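For clarity, every value in this text was computed on a predicted model and none was experimentally measured.
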Amino acid sequence: MTPTTSPSPTGASPTKTTGAKGKQSATPSPGRKRPTHDTKTTKPATEPSAKPSTTATEPATNATTEATAASGGVRSVTLRPEGIDLGGCWRSDLNVYAVIDGPKGHAFTYRWLVDGQNLGRTPAETPYKVYLPAGSFKTQGKHRVAFNVVSGGSRQSVITVNMCAMNRLD
């Protein structure tokens with residue numbers, strides 16, 4: 001079949017076509033632009049929110065929060081209890097520790113809060129594992145333990161632990 005040319009409705013150079021279906025050639029004529037089609041679906045920009053902190057009471061479980069991608073610092077904080085469960089309460093020698101994840105060598109400052117009492121600020125670098133200071137639980141019953149990253153990111157993780165009587169060993 002012989003290629004034919006037809007004038008452009010916009011007055012631009014003619015477009016070459018071949019065959020009965022009039023398919024356009026691979027190269028557009030000078031002065032004519034191909035239409036562009038965006039095939040990607042655009043979703044609204046939303047920031048992923050941090051997971052809510054977990055509160056456990058009988059006995060405590062792990063609590064984790066994750067940072068948003070935009071923070072670039074501490075990515076997550078996980079609180080874990082380590083001790084002997086005496087059937088619904090923890091023995092007085094319970095340890096609680098935090099595992100902090102982020103880019104290697106990222107500087108941050110953290111603090112522990114036990115029942116709202118600030119135990120002070122301490123600098124550290126990621127990745128890091130830190131224990132709640134010994135003797136932080138003075139009485140039996142439920143205690144709220146919070147770990148806050150106060151600089152170098154903004155993370156908080158909270159658990160509640162139920163402590164047995166201080167003299168109970170089994």
Side-chain angles (χ1 to χ4, degrees), residues 26 28 33-170:
K33 294 182 181 178
R34 287 186 175 213
T36 58
H37 298 285
D38 186 9
T39 58
K40 295 180 182 178
T41 304
T42 308
K43 294 182 181 178
T46 57
E47 297 264 339
S49 61
K51 291 181 182 177
S53 61
T54 303
T55 302
T57 55
E58 304 295 333
T61 59
N62 299 343
T64 303
T65 59
E66 293 183 12
T68 61
S71 70
V74 172
R75 287 190 288 254
S76 68
V77 173
T78 304
L79 288 181
R80 295 188 176 131
E82 179 180 76
I84 299 173
D85 176 17
L86 296 176
C89 62
W90 292 99
R91 197 167 79 176
S92 62
D93 58 353
L94 171 70
N95 290 311
V96 176
Y97 65 94
V99 177
I100 302 94
D101 185 39
K104 186 174 182 172
H106 175 75
F108 69 99
T109 302
Y110 69 89
R111 71 177 174 187
W112 288 101
L113 296 162
V114 177
D115 297 329
Q117 182 180 350
N118 186 347
L119 302 183
R121 294 178 179 222
T122 306
E125 290 184 353
T126 56
Y128 199 69
K129 178 179 178 180
V130 60
Y131 283 87
L132 177 69
S136 295
F137 306 113
K138 308 274 188 238
T139 61
Q140 77 180 57
K142 293 182 181 181
H143 297 277
R144 183 179 188 268
V145 179
F147 182 91
N148 296 78
V149 175
V150 294
S151 70
S154 179
R155 300 291 102 208
Q156 177 176 322
S157 193
V158 177
I159 62 173
T160 299
V161 294
N162 188 24
M163 300 301 296
C164 298
M166 294 295 119
N167 60 355
R168 183 174 171 198
L169 299 176
D170 59 343

Heavy-atom pair of closest approach, residues [X] and [Y]:
{"X": "Pro133", "Y": "Leu119", "value": "CD-CD1, 4.1 Å"}
{"X": "Gly88", "Y": "Asn162", "value": "O-ND2, 3.1 Å"}
{"X": "Val99", "Y": "Arg80", "value": "CG2-NH1, 3.7 Å"}
{"X": "Pro103", "Y": "Gly73", "value": "CD-O, 3.1 Å"}
{"X": "Val161", "Y": "Val145", "value": "CG2-CG2, 4.4 Å"}

Between Arg168 and Ser92, is there a side-chain heavy-atom distance shorter than 4.5 Å? no
Are the side chains of Thr78 and Ser157 in touch, meaning some heavy atoms are under 4.5 Å apart? no
Evaluate the criterion side-chain contact (heavy atoms from CB on, under 4.5 Å) for residue pair Val96 and Phe137; output intermediate values, then yes/no. CA-CA 11 Å; Val96 176; Phe137 306 113; 4.2 Å; yes
Could you go step by step and tell me if Trp90 and Ile84 meet the side-chain contact (heavy atoms from CB on, under 4.5 Å) rule? CA-CA 6 Å; Trp90 292 99; Ile84 299 173; 5.8 Å; no
About how many Å separate [atom2] of [Y] and [atom1] of [X], when rounded to the nearest 0.5 Å?
{"X": "Met166", "Y": "Thr139", "atom1": "CE", "atom2": "OG1", "result": "6.0 Å"}
{"X": "Gln140", "Y": "Cys89", "atom1": "CD", "atom2": "SG", "result": "8.0 Å"}
{"X": "Thr160", "Y": "Lys142", "atom1": "OG1", "atom2": "NZ", "result": "8.0 Å"}
{"X": "Gln156", "Y": "Leu79", "atom1": "CD", "atom2": "CG", "result": "9.5 Å"}
{"X": "His143", "Y": "Gln117", "atom1": "NE2", "atom2": "CD", "result": "11.5 Å"}
{"X": "Ser136", "Y": "Met163", "atom1": "OG", "atom2": "CE", "result": "10.0 Å"}

With sequence neighbours excluded, residues passing salt bridge (charged side-chain N to carboxylate O under 4.0 Å, His left out) with Arg91: Asp93
Strictly by ring-ring contact (aromatic ring centres under 6.0 Å, His included), give each pair with a member in residues 146-170 just once, sequence neighbours left out. Tyr110-Phe147, Trp112-Phe147
Quick check: does any side chain N or O of [X] sit under 3.5 Å from a backbone N or O of [Y], one acting as donor and the other as acceptor?
{"X": "His106", "Y": "Glu125", "answer": "no"}
{"X": "Asp85", "Y": "Gly87", "answer": "yes"}
{"X": "Asp101", "Y": "Thr126", "answer": "no"}
{"X": "Thr109", "Y": "Thr122", "answer": "no"}

Electrostatic pair Arg144:Asp115 at N-O distance under 4.0 angstrom: no
Under the ring pair (Phe, Tyr, Trp, His ring centres under 6.0 Å) test, which residues partner Phe108, sequence neighbours left out? none
